[in-house]
Novice: 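Structure in structure tokens, see below.
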Amino acid sequence: MMHKILLFVMLLSATGASAQTYSYKVKYGLVQAGMATLIHTVEDDVLNSIFVIESSPWLSTLWTLSDSVMTEYLIDVGRLVKHTKAIHEGSYHRNYEVTFSDSNFATVNGKDKEVDIQGLRDIPSLLYDLSLTKFQHGDTLQYRMWDGRGSGVLMLLVEKIGKPSLFKPFEKPGWRLTPLNSTRKSRANQIQLSMLYSKSYPHTPLRIEIDTKYGNVQMRMEDP
């Protein structure tokens, strides 16, 4: 994970851009399973982001996880310019190099594909946009998402949450975002996603939780 982050930071340092960095601990059930890092930089209305998640050394001896997504996104017009994704999960490996033109074309690993680029986002650019969204309880947010080589629609329900309780001792006041729609894959694996953002504005992405039929994965921001 570190070599990807260092390369990203070095490239941005050459431009003089400053970075906003978020670090997370990743747990599978009660077990410490790895680390994740999200970095945003903005210069001249251009967002460059990287999101990296990697299994801990002990887990890597049994099963390796090393996923990353790098993004270049034009904030003023809301357009993806570049999406680079690397998936390394056990024996499964996929890499995507994608560039987007302003004429509704994407080049995916060297092959042109017609794509409606209007309002298209990927995970890092979505996480950035959500941090600057003024939430209202009960809102429904809709986004067109790019993931590797294709696009789909994501609908999120916004809920205001309160203070910790006996049953939710780690709860913090803030905003919980949960998908309203699903895919065949998510239904087959009983995947349920929830994202927690801070009450303060701009919002901080505090936690991401993924429940599946195989167990619970939680990505929680490290204490400063």
Novice: Between Thr41 and Leu47, is any pair of side-chain heavy atoms under 4.5 Å apart?
Specialist: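 No, side chains not in contact.
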Novice: What is the minimum heavy-atom distance between Ile117 and Ser101, and which atoms define it?
Specialist: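 Where Ile117 meets Ser101 most closely, the heavy atoms are CD1-O, 3.0 Å.
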Novice: Around atom CZ of Arg149, are there more than 12 heavy atoms of other residues, nucleotides or ligands at under 6.0 Å?
Specialist: no
Novice: Measure the spacing between NZ of Lys199 and NZ of Lys160 and express it to the nearest 0.5 Å.
Specialist: 5.5 Å
Novice: Ignoring hydrogens and angles, tell me if any N or O in the side chain of Arg121 forms a donor-acceptor pair with the backbone of Asp129 under 3.5 Å.
Specialist: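 Pair absent, no side-chain N/O of Arg121 close to backbone of Asp129.
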Novice: Do Tyr92 and Ile87 have side-chain heavy atoms sitting under 4.5 Å apart?
Specialist: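 The answer is yes; the side chains approach within 4.5 Å.
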Novice: Out of curiosity, His83 NE2 to Thr99 OG1, how far, rounded to the nearest 0.5 Å?
Specialist: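 If I round to the nearest 0.5 Å, the distance is 11.5 Å.
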Novice: Between atom NE2 of His88 and atom NE2 of His93, what is the distance when rounded to the nearest 0.5 Å?
Specialist: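 Going from NE2 on His88 over to NE2 on His93, the span is 7.0 Å.
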Novice: Decide yes or no for Leu130 and Leu156: does some side-chain heavy atom of the first lie under 4.5 Å from some side-chain heavy atom of the second?
Specialist: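 Yes, side chains in contact.
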Novice: Taking C-beta and beyond as the side chain, do Asn95 and Glu97 meet within less than 4.5 Å on heavy atoms?
Specialist: no
Novice: Please tell me whether Tyr96 and Val115 are part of a single hydrophobic cluster in this structure, the criterion being side-chain heavy atoms less than 4.5 Å apart.
Specialist: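 Yes, because Tyr96 and Val115 connect within a single hydrophobic cluster, where side-chain heavy atoms sit under 4.5 Å apart.
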Novice: Indicate whether any N or O donor in one side chain lies under 3.5 Å from an N or O acceptor in the other, for His40 and Ser49.
Specialist: yes
Novice: Taking C-beta and beyond as the side chain, do Lys134 and Tyr201 meet within less than 4.5 Å on heavy atoms?
Specialist: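 When only atoms from C-beta onward are counted, Tyr201 and Lys134 do touch, with a gap below 4.5 Å.
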Novice: Decide whether Trp146 and Ile75 are clustered together by the hydrophobic rule: side chain heavy atoms of Ile, Leu, Val, Met, Phe, Trp, Tyr closer than 4.5 Å, transitively.
Specialist: yes
Novice: Nearest 0.5 Å please: distance from the CG atom of Asp67 over to the OG atom of Ser55.
Specialist: 9.5 Å
Novice: Decide yes or no for Leu154 and Gln142: does some side-chain heavy atom of the first lie under 4.5 Å from some side-chain heavy atom of the second?
Specialist: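 Leu154 does not reach Gln142 side chain to side chain.
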Novice: Donor-acceptor pair, Ser68 side chain versus Val52 backbone, under 3.5 Å?
Specialist: no
Novice: Val98 and Gly148: which non-hydrogen atoms are nearest, and at how many Å?
Specialist: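 Shortest heavy-atom contact: CG2-O, 3.3 Å.
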Novice: Please test Ser131 against His203 for side-chain hydrogen bond (donor to acceptor under 3.5 Å, both in side chains), starting from the C-alpha separation and ending with a verdict.
Specialist: CA-CA 4 Å; Ser131 70; His203 307 295; over 6 Å; no
Novice: Shared ILVMFWY cluster between Leu132 and Tyr73, side chains joined below 4.5 angstrom?
Specialist: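 Per the 4.5 Å side-chain linkage, Leu132 and Tyr73 are co-clustered.
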Novice: Got a sec: does the CG of Asn109 have more than 12 other heavy atoms crowding it under 6.0 Å?
Specialist: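 Yes, CG of Asn109 has more than 12 neighbouring heavy atoms, counting only those of other groups under 6.0 Å.
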Novice: Tell me, with the steps shown, if Trp175 and Tyr197 meet ring-ring contact (aromatic ring centres under 6.0 Å, His included).
Specialist: CA-CA 5 Å; Trp175 301 96; Tyr197 275 78; over 10 Å; no
Novice: Looking only at non-hydrogen atoms, find the nearest pair between Phe135 and Asp139 and report the distance.
Specialist: C-OD2, 4.1 Å
Novice: Any link between Leu141 and Ile161 through a network of hydrophobic side chains (Ile, Leu, Val, Met, Phe, Trp, Tyr) touching at under 4.5 Å?
Specialist: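 Same cluster.
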Novice: Is any side-chain heavy atom of Val81 closer than 4.5 Å to one of Phe100?
Specialist: no
Novice: If I take atom OG from residue Ser23 and atom CE from residue Met219, how far apart are they, to the nearest 0.5 angstrom?
Specialist: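 Between atom OG of Ser23 and atom CE of Met219 there are 10.5 Å.
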Novice: For the pair Asp122 and Leu80, evaluate side-chain contact (heavy atoms from CB on, under 4.5 Å) and give the outcome as yes or no after the intermediate values.
Specialist: CA-CA 8 Å; Asp122 59 4; Leu80 280 173; 3.8 Å; yes
Novice: Closest heavy-atom contact between Ser151 and Arg144?
Specialist: OG-NH2, 4.1 Å
Novice: Examine distances only and state if a side-chain atom of Asp116 and a backbone atom of Gln118 form a donor-acceptor pair shorter than 3.5 Å.
Specialist: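 Yes.
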Novice: Can Thr37 and Tyr24 be said to form a side-chain contact (heavy atoms from CB on, under 4.5 Å), step by step?
Specialist: CA-CA 6 Å; Thr37 302; Tyr24 302 88; over 6 Å; no
Novice: Checking Gln20 against Ile39 for the side-chain contact (heavy atoms from CB on, under 4.5 Å) test, could you report, in this order, the C-alpha distance in whole Å, the side-chain angles of both residues, the deciding distance, and whether it holds?
Specialist: CA-CA 6 Å; Gln20 177 66 60; Ile39 302 175; over 6 Å; no
Novice: Using the rule that Ile, Leu, Val, Met, Phe, Trp and Tyr join whenever any side-chain heavy atoms are under 4.5 Å apart, tell me whether Ile123 and Leu196 fall into a single cluster.
Specialist: yes
Novice: Just how far is it from atom OG1 of Thr21 to atom CG of Leu38, taken to the nearest 0.5 Å?
Specialist: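 If we round to the nearest 0.5 Å, Thr21:OG1 and Leu38:CG are 8.5 Å apart.
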Novice: Quick check: does any side chain N or O of Arg207 sit under 3.5 Å from a backbone N or O of Met195, one acting as donor and the other as acceptor?
Specialist: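 The answer is no, because no donor-acceptor pair under 3.5 Å joins these two groups.
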Novice: When you check the gap from the basic side-chain N to the acidic O, do Arg79 and Asp102 get nearer than 4.0 Å?
Specialist: no
Novice: In sequence, state the C-alpha distance, the side-chain angles, and the governing distance for Phe51 and Thr71, and then conclude on side-chain contact (heavy atoms from CB on, under 4.5 Å).
Specialist: CA-CA 9 Å; Phe51 180 61; Thr71 298; over 6 Å; no
Novice: If we only count heavy atoms from C-beta on, is the Tyr22 to Leu127 side-chain gap below 4.5 Å?
Specialist: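 A side-chain contact under 4.5 Å is absent here.
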